[in-house]
*Asks:* 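Just dropping this structure here.
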There are 4 protein chains.
Amino acid sequence: MSGAKERPLRADAARNRARLLEVATEVFTTRGVGVPTEEIARAAGVGVGTLFRHFPTKETLLGAVMVRRLETIAAQTAQLAAELEPADAFCACFRLVIEQSAGKNEFVQALAAADVDAHAALRESSEVIQAQLAKLLDGAQRAGAVRPELGLPELIALLAGTGTAMEHLGADPAARQRIFDVVFDGLRPH
Amino acid sequence: MSGAKERPLRADAARNRARLLEVATEVFTTRGVGVPTEEIARAAGVGVGTLFRHFPTKETLLGAVMVRRLETIAAQTAQLAAELEPADAFCACFRLVIEQSAGKNEFVQALAAADVDAHAALRESSEVIQAQLAKLLDGAQRAGAVRPELGLPELIALLAGTGTAMEHLGADPAARQRIFDVVFDGLRPH
Amino acid sequence: MSGAKERPLRADAARNRARLLEVATEVFTTRGVGVPTEEIARAAGVGVGTLFRHFPTKETLLGAVMVRRLETIAAQTAQLAAELEPADAFCACFRLVIEQSAGKNEFVQALAAADVDAHAALRESSEVIQAQLAKLLDGAQRAGAVRPELGLPELIALLAGTGTAMEHLGADPAARQRIFDVVFDGLRPH
Amino acid sequence: MSGAKERPLRADAARNRARLLEVATEVFTTRGVGVPTEEIARAAGVGVGTLFRHFPTKETLLGAVMVRRLETIAAQTAQLAAELEPADAFCACFRLVIEQSAGKNEFVQALAAADVDAHAALRESSEVIQAQLAKLLDGAQRAGAVRPELGLPELIALLAGTGTAMEHLGADPAARQRIFDVVFDGLRPH
DNA sequence: GATGAATGAGAATTCATTCAT
DNA sequence: AATGAATGAATTCTCATTCAT
């Protein structure tokens, strides 16, 4: 279904690609999507040409960064979901998503402004995570740990919102915990 | 406190300035800060030159838009605070801020990316609101309606976060209400 | 039908636009369409921005150059057609087109490679000329000066071809005349 | 005369070189010289590196394509010249050159824009053909079939021009024949 | 004061050519 | 020899800001 015929990719090319993704993630996250591609290339120690060989469009790069993030989160989520009781799993994953999503989240908007094909790759990863979240939510609700009237869209909105709140708070762990307290207590049936 | 000597400003100039702010608010809110200044000028029915005479920098314009929003919110907040019991006032104002802040909120980020002087004008308005929020929070906490361990920073973070959540949800009023339920229930002492 | 509402255009702006066209004609003609826009701007003594304000696309500029050429030719053709007997008019106009069309004629191809809208402006001018040529051809054929089996497409092809031949010949007037002799003698009924 | 010490060239290398020339001829002819080298390499089933090993410059490749064309034409011309009467040989060869030269003829211009060394290889092939054409012209003139005042430069210019005319006409054989009629009748003594 | 033309520093992207594998 | 990844100069176009009218 992911119809691309992926060549093995030479060792050094793979390294460059990985490095580029690494750097782009860092840069986009800390300084926003407005950063010039050239700067990302320089930071990765390659020429612009190389960047564009791997990601034919800035948007493609953006998408690849997102996908990588999503895949990481999906993997960790899967593990937590397997190891913990429904209610705990739900909380742990909620926290996980928040911690992993930190940074300027204009990403999504930047991508939303773009054409559909760019989304194609994202859609898949996105659906995987959403499915996981839906299952976690359902489990927590059956266990009576989360208000039954909430749907997946609200959960996603709350994740996004909590992420924003955390950004505004900076690193103070006590304050962050207080936010989690509010959200988790608010999520419980009332 | 605002050290500038403001001349009276001719009638038509004032009208232009007002119209520009109006339009800029609308445009920035619905289409983001990336919109070219020229387009804003055109939408306001003036030349770019006029825009830049009133707001010597795009960032200045952005700041002015923010200030206007903040002042509106501050005024409405003051009124609500005067009319309602502490607990109700807190909730009403929380909702108010959320509803008024709707739209592409890259604003803040765009401003954050800029130099300190641009903030100067904002700081004042910002402080006014923060003082109001602090008072509301304190009142609600004294009334036992809000967890006592929350500080102003957390409140602000939650406001920002709830705003983001609402954006992700679109216009569905029932879903929006469910988010408010979670947040307000979570804010209560547990 | 030419639906554009043309503003009067300020004096200096008009001068720049004219100069730009002048220079672009010269440059494209002598050095081909590959010349960077920036260089054209420089040669016209303006910044790139100005060039792109007047011609939002390199292709637009190309088109405008063509249109100008075509219009010049059309005007001169009209005059010659009015003043001379059919047979002479035909020859005179044939020569005229050749002399005016000199230069690297990749123009047309460059434009042909582009989208339809760019052609729109050209089409009109092009049709005007083609109508004139059709009339001239018809007149000359009625006068028995040109083979009756030739159609407009062949005439156009011959114009293009003779133009190419002239380019290959450079400025030697005697040689150019010999080419004309061949073509005109060949055009006569046999 | 061609001062390079040519090594025998391994069998597969020779095959690659041939294939490259084949493909480049096709591609340049149908799509113009703007096509990226990489694409030509891909179409030939080799890597760019290989292309550049055989032809150290895009221009070199262009030149080689031209040479190949010229050599083909020269060979066929020689055969026709040997088989036919002077007048017929002249006409047949004229047609031959036209038919073989079809396609986007920016070639020559592209080469003309380049430095002299690239021409060096061409010069030789070019001189061969020109000698043949001179002889054919002379023969036809002696036979009284072609105007005596025409020189080789005019013949070449007419060949180029007729080629252009044909390109403008597309494939319609009747129209093409009408062009030939004009040219051949024009070439006859008047 | 208002206007909108002019400016030019970027920004994304392409492509001939080089070079490590 | 062949490969294709890497390179970076060059190119088109945008947009905040300035300035002549």
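Owing to the predicted nature of the structure, the values given are computational and were not obtained by experimental measurement. Chain identifiers are assigned alphabetically (A, B, ...) following the order of the sequence lines, protein sequences preceding nucleic acid strands; residue numbering begins at 1 within each chain.
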*Asks:* Just how far, in rounded Å, is P of E/dA12 from CG of A/Leu62?
*Replies:* 11 Å
*Asks:* When you measure from the side-chain N and O atoms of A/Thr50 to the phosphate of F/dT7, is any distance below 4.0 Å, counting only OP1 and OP2?
*Replies:* yes
*Asks:* Any chance you could encode DNA chain E as dot-bracket? Rule is Watson-Crick or G-U wobble with both distances under 3.5 Å; [ ] for pairs crossing earlier ones, | for another strand.
*Replies:* .||||||||||||||||||||
*Asks:* Using whole Å, report how far CD1 of D/Ile40 lies from C1' of E/dA16.
*Replies:*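 So the CD1-C1' distance, D/Ile40 to E/dA16, works out to 11 Å.
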*Asks:* Distance check, rounded to the nearest 0.5 Å: A/Arg123 atom CZ versus A/Leu70 atom CG?
*Replies:*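 Reported to 0.5 Å precision, the distance equals 13.0 Å.
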*Asks:* Take B/Ile40 and B/Phe28 through the side-chain contact (heavy atoms from CB on, under 4.5 Å) test and state the conclusion after the steps.
*Replies:* CA-CA 9 Å; B/Ile40 295 175; B/Phe28 285 148; 3.6 Å; yes
*Asks:* Rounded to the nearest Å, what distance is computed from the CZ atom of residue C/Arg31 to the P atom of nucleotide F/dT11?
*Replies:*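 That distance rounds to 10 Å.
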*Asks:* Is the distance from OP1 or OP2 of F/dA6 to the nearest side-chain N or O of A/His54 less than 4.0 Å?
*Replies:*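 Yes, within the criterion.
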*Asks:* What's the CZ-P distance between B/Arg19 and E/dT3, to the nearest Å?
*Replies:* 13 Å
*Asks:* Could you give all pairs that pass the salt bridge (Lys or Arg N to Asp or Glu O under 4.0 Å) test and reach residues 39-50 of chain C, with sequence neighbours left out?
*Replies:*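 For residues 39-50 of chain C, and leaving out neighbouring residues, the salt bridge (Lys or Arg N to Asp or Glu O under 4.0 Å) pairs sorted by first residue read C/Arg31-C/Glu39.
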*Asks:* For C/Thr57, check side-chain contact (heavy atoms from CB on, under 4.5 Å) against everything at least two apart and list the hits.
*Replies:* C/Glu59, C/Thr60
*Asks:* With sequence neighbours excluded, what pairs up with B/Arg68 under the side-chain contact (heavy atoms from CB on, under 4.5 Å) test?
*Replies:* B/Leu21, B/Glu22, B/Thr25
*Asks:* Does a nitrogen or oxygen in the side chain of D/Asn16 sit under 4.0 Å from OP1 or OP2 of F/dA2?
*Replies:*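 Checking D/Asn16 against F/dA2: at least one side-chain N or O falls below 4.0 Å of OP1 or OP2.
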*Asks:* Round to a whole Å and report the spacing from CZ of C/Arg42 to C1' of E/dA6.
*Replies:*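 Answer to the nearest Å: 17 Å.
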*Asks:* Indicate yes or no: at least one non-hydrogen side-chain atom of D/His54 is less than 4.5 angstrom from one of D/Thr50.
*Replies:* yes
*Asks:* For every nucleotide of nucleotides 13-21 of chain F, 5' to 3': is a protein heavy atom under 4.0 Å from its base (B), only from its sugar-phosphate (S), or from neither (-)?
*Replies:* BBSSBB---
*Asks:* What residues, two or more places apart in sequence or in another chain, satisfy side-chain contact (heavy atoms from CB on, under 4.5 Å) together with B/Arg53?
*Replies:* none
*Asks:* Sequence neighbours left out, what passes side-chain contact (heavy atoms from CB on, under 4.5 Å) with A/Glu71? Give chain and number order.
*Replies:*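 Checked A/Glu71 against side-chain contact (heavy atoms from CB on, under 4.5 Å); matches are A/Val67, A/Ser125.
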*Asks:* What is the distance from CZ of B/Arg53 to P of E/dA2, rounded to the nearest Å?
*Replies:* 6 Å
*Asks:* How long is the line joining CZ of D/Arg17 and C1' of F/dA1, in whole Å?
*Replies:*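 Going from CZ in D/Arg17 over to C1' in F/dA1 covers 15 Å.
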*Asks:* Let me know, please, whether A/Phe55 or B/Val46 comes out on the 5' side of the other along DNA chain E by nearest nucleotide.
*Replies:* B/Val46
*Asks:* For the pair B/Lys58 (side chain) and B/Val33 (backbone), establish whether a donor and an acceptor sit closer than 3.5 Å, ignoring hydrogens and angles.
*Replies:* yes
